[in-house]
Chemist: 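Mind looking over this structure? Questions follow.
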Amino acid sequence: PNMTVERIFDELGHFKRYQACLYFAAVFQSIACGIHYLASVFLVETPNFVCGVPGNITDVLYGNLTGSSLEDFLPGFKSGSGPLVVRTTEGEQWELSRCRCALRLNPSDFTYVFDGNKTVKDCDGNFAYDHTEIYQSIVTDWDLVCEKEWLAKLCQPTFMLGVLVGALVFGDVADRVGRVRVLMFTSLCQFGLGVAVAFTGNYYFFVVLRFLLAMVSSGYLVVVFVYVTEFTGIKVRTWTSMHVHAAFAVGVMIVALVGYLVRVWWIYQIILSLCTSPFLLFCWRFPETPFYLMTKGRYKDTQTLLDTIARVNDLECNIKAEELLDSRDRENGTALLEQETDGQTANTERRLSILDLFGSWRMATRTCTVWAIWFIGSLGYYVFSLGSVNLGGNQYINLFLAGAVELPSYLVGCYAMDRIGRKKTCAPSLLLAGVACMLTIVVPTVRTFMTGKFAIAIAFGLIYLYTCELYPTIIRSLAVGSGSMMCRVGSVVAPFCVYLADVWIHLPQLIVGILAFIIGLLTLFLPETLGKPLTNTLEEAEALGSKKKERLEKKRENMQLQYIKTVTPYILEPYK
C-alpha cells in the first residue's frame, strides 16, 4: 500500500503538530540507547593500582621521592618505571608493582635500590587503587585486574553482541506484533534492566543483565527508525531519519557529564537509567503507524488515527481508509501494470533470498561496497567514541566533545545529501575520516581526532537512506537488514580494535584510517540516487547510473504511449 498510504501526508501534513509531538517523544527515548551503548566507558575503567601489602604502611619510596602514604604516589605511578618501595609498621620492606610484590629478605636500611634476596609472589586479590579519578568502578569492586583483566575488557564486546541479537529479534517481532508494542516493551525493559544492573552483586550477573539491556536498546533503536519513517512524509524523511542519530549523540554527551559528576559506578548507572524515565509515562498512548494498520487490514483503526491526526493538525480529514485500499486495486487494474506484475511474479519465488543482492557483477560489487560502508561507519564510530578517553587530557571533556561534534555533522550531512548528492557526500566524508586518522598519528591533537569523528558520523548517518535508494522494493528491506548486520559486526569488532592501543597507542586509528580511505575510494563507483525515483525491479536498480537506464526509461515511455494510443479510441467512442 506504500504509494497510496503516502497520500495521507499530502493531505494531513508531512511534519505538522501531531507528527512533531510523536517524533520528539520517540526520539527522546533514543537518548537512552546512546547512554547504555557507551556507559561502559566509565563503568569498566581501570584506575592506577599496585599490589596491596599485609600491614599498615609507614614510609614509601618511588625513585627519589619519599612520602608516608600510597595515596600520594598512586596517581603518578607508571607500570613500567620500577616498583613502589614501602615499609610497614612491622618493619617489613615490600617492592610493589602492578601484579607482583616482592618481600625483601633481611634488608639493612630503607633504600630504593636493593641487591639482596627477595621473595616474589602474586597479589592474591589484595590491591591498592588510586581513587582520585574514579572512586568506585566494577574493576575496583571485583578486582578485574592482572589475570582477571580480560573479564573487564569483555564487557563492551558482549554488550555489542547483545546489540546484534536484539536487532535481529526485534526487527522481526515489530513486523509481526506492531511497532508500538515493541517500543513500549523495549523502553520498559531499558529502564528496568538499566536500574537492575546497578544492583548486581557479581561480575557474571552484571554481564548477563548488560547483554539483555543491549538487546532491548538495540531493539528500540531499530524499530524507532521504522516508526518515525512511517509517521513523517517524504519531504522531511531525510531529516527525521538522520536526527534519530543526533539523539543518540546527546546520550553520549550525557554519559560524559554524569561520569564527570558521579564517580561511583552503581550510582552513575542508576542516574543514567533514570534520565529518560519520563517517556514511560506517555509511551502507552503511542498510536500504531498507518502503514502497519493498512497492511494488517485494520481500516477502522486507520480511520480513527487519520481523524485524530487531522484534528490535532487543525485540518479537515477528507480521506477514507477504504479509499486508500481501493485506489491501489484500481491502479493494479490497468493493463500496463499487469504486464509489469506478470514480469515480477517470476521473482516472487526467490524474493527473500540474500543471493539476489549478488544477482550480477554490478549488483555484487554494489552490495560489497555498501556493506563495507556500513561496517567502517560503525567500526569508526565506536573506535572514535570509545577511544576518545585514551586521547590524553580530560577524558570526560573528550567524550563530551566526541558526542557534541556529531550534532553539526548530521546537519551538514543532511544539507549536503540534498544539495550535492548521496555519493558526493559519502565518499569525501570517508576520505576525510581516513586522512584525519593518519593525521592523528602524526599530530595527536583533540582537533584532528574530532575531525575524524565528524567525518565518519556523516557517512554513518547517511548510509541508511542511501541503501534504501540503491535497491529495488522487492529486496530493499533485505538490503537494509543485511547492511545493518554488517554495522553490528563493526560494533562487535570495535572494542577489540580499541584494545590494540595497548600494543601501539595509534594502532586503532591506523586501522580505521586505512579502511576508511580504501572504502571512500570504492564509494566513488556507486551510482548517484539524488532526485531519482525509488526503483521497483532488480532490472531498474541495476540500471541506476548506467546508459542502460536511459534505454529502459525510453522503453517504458514507448509502452505507455502505445497503451494510450490503444485505449484512447475506446474512451472517445461514446463522444463520437
Side-chain angles (χ1 to χ4, degrees), residues 2 238 337 339-379 416-418 420-431 434 458-490 514-560:
N2 292 14
T238 313
L337 274 175
Q339 286 175 350
E340 283 196 359
T341 47
D342 283 346
Q344 275 181 28
T345 44
N347 285 336
T348 50
E349 293 308 309
R350 20 180 280 279
R351 177 178 295 177
L352 285 176
S353 157
I354 203 156
L355 294 173
D356 277 342
L357 297 173
F358 298 88
S360 62
W361 272 111
R362 198 182 176 86
M363 287 306 273
T365 51
R366 182 180 304 177
T367 301
C368 291
T369 308
V370 168
W371 280 6
I373 300 170
W374 277 97
F375 177 79
I376 192 62
S378 181
L379 179 74
M417 277 167 79
D418 289 343
I420 61 172
R422 278 56 162 145
K423 175 170 80 172
K424 289 177 188 156
T425 307
C426 190
S429 62
L430 284 170
L431 294 171
I458 293 178
F460 194 33
L462 166 153
I463 188 59
Y464 200 90
L465 189 68
Y466 195 18
T467 308
C468 283
E469 294 176 340
L470 284 171
Y471 290 91
T473 307
I474 53 169
I475 53 168
R476 189 168 296 130
S477 306
L478 194 68
V480 175
S482 63
S484 194
M485 273 295 299
M486 292 308 293
C487 159
R488 308 281 175 258
V489 172
I514 292 169
L515 284 175
F517 197 81
I518 293 168
I519 295 165
L521 292 174
L522 290 175
T523 308
L524 294 168
F525 296 102
L526 289 175
E528 183 52 76
T529 59
L530 177 66
K532 305 270 171 68
L534 289 177
T535 55
N536 285 319
T537 64
L538 281 166
E539 197 179 15
E540 286 174 9
E542 206 173 312
L544 270 176
S546 71
K547 297 266 167 54
K548 195 175 165 191
K549 168 86 173 165
E550 290 156 25
R551 288 203 299 276
L552 255 174
E553 278 171 3
K554 257 239 165 40
K555 186 179 164 188
R556 171 168 286 188
E557 276 168 27
N558 290 341
M559 279 171 71
Q560 283 171 339

Chemist: Kindly give the heavy-atom pair with the smallest separation between Ile519 and Ile376, and that separation in Å.
Modeler: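 Result for this residue pair: CD1-CB, 3.7 Å.
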
Chemist: Please name the pair of heavy atoms, one in Leu470 and one in Pro527, separated by the smallest distance, quoted to 0.1 Å.
Modeler: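 Heavy atoms only, the tightest pair is CD2-CG, 3.7 Å.
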
Chemist: Going by salt bridge (charged side-chain N to carboxylate O under 4.0 Å, His left out), name the pairs with one or both residues in residues 517-531, residues two or more places apart or in two chains.
Modeler: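 Pairs touching residues 517-531 that pass the test: none.
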
Chemist: Minimum heavy-atom separation for Ile420 to Lys424, with atom names?
Modeler: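 Of all heavy-atom pairs spanning Ile420 and Lys424, the closest is O-CD, 3.4 Å.
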
Chemist: Report the residues that fulfil salt bridge (charged side-chain N to carboxylate O under 4.0 Å, His left out) with Arg366, sequence neighbours left out, ordered by chain and then residue number.
Modeler: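 In terms of salt bridge (charged side-chain N to carboxylate O under 4.0 Å, His left out), with neighbours along the sequence ignored, Arg366 is linked to no residue.
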
Chemist: Testing the basics here: between Ala479 and Ser482, what is the closest heavy-atom pair and its distance to 0.1 Å?
Modeler: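 What the structure gives for the nearest pair is O-OG, 3.0 Å.
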
Chemist: Taking side chain as C-beta onward, heavy atoms only, is Cys368 less than 4.5 Å from Phe358?
Modeler: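 Side chain of Cys368 against side chain of Phe358, heavy atoms only: contact under 4.5 Å found.
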
Chemist: Which heavy-atom pair separates Gly490 from Ser378 by the least distance, and what is that distance?
Modeler: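 Smallest heavy-atom distance, with atoms named: C-OG, 3.8 Å.
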
Chemist: Evaluate the side-chain contact (heavy atoms from CB on, under 4.5 Å) criterion for residues Tyr471 and Thr367: first the C-alpha distance (whole Å), next the side-chain angles of each, then the deciding distance (0.1 Å), finally the verdict.
Modeler: CA-CA 9 Å; Tyr471 290 91; Thr367 301; 2.9 Å; yes

Chemist: With heavy-atom distances below 4.5 Å as the criterion, would you say the side chains of Leu357 and Val370 are in contact?
Modeler: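 Result no, sub-4.5 Å side-chain heavy-atom pair not found.
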
Chemist: Any side-chain heavy-atom pair from Lys423 and Tyr466 closer than 4.5 angstrom?
Modeler: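 SC-SC contact between Lys423 and Tyr466 confirmed.
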
Chemist: Determine the sole option in Val480, Thr529, Leu462 for which the side-chain contact (heavy atoms from CB on, under 4.5 Å) test with Thr467 is passed.
Modeler: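 Answer after filtering Val480, Thr529, Leu462: Val480.
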
Chemist: Tell me the closest heavy-atom pair linking Ala427 and Leu524, and the distance in Å.
Modeler: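 What the structure gives for the nearest pair is CB-CD2, 3.6 Å.
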
Chemist: Would you mind reporting whether Phe460 and Cys487 have side-chain heavy atoms less than 4.5 Å apart?
Modeler: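 Cys487 reaches Phe460 side chain to side chain.
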
Chemist: With rounding to the nearest 0.5 angstrom, report the CD1 to CD1 distance, Ile373 to Ile463.
Modeler: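 So the gap between those two atoms works out to 4.0 Å.
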
Chemist: At what distance, to the nearest 0.5 angstrom, does CG of Leu544 lie from CD of Glu469?
Modeler: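 If I round to the nearest 0.5 Å, the distance is 9.5 Å.
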
Chemist: Drop me the distance from Leu430's CG to Thr425's OG1, to the nearest 0.5 angstrom.
Modeler: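 If I round to the nearest 0.5 Å, the distance is 11.0 Å.
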
Chemist: Roughly how far, to the nearest 0.5 Å, is OG of Ser360 from CD of Glu539?
Modeler: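 The OG atom of Ser360 is 11.0 Å from CD of Glu539, to the nearest 0.5 Å.
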
Chemist: Could you measure the distance from the CH2 atom of Trp371 to the CE atom of Met485? Nearest 0.5 Å is fine.
Modeler: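 The CE atom of Met485 is 9.0 Å from CH2 of Trp371, to the nearest 0.5 Å.
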
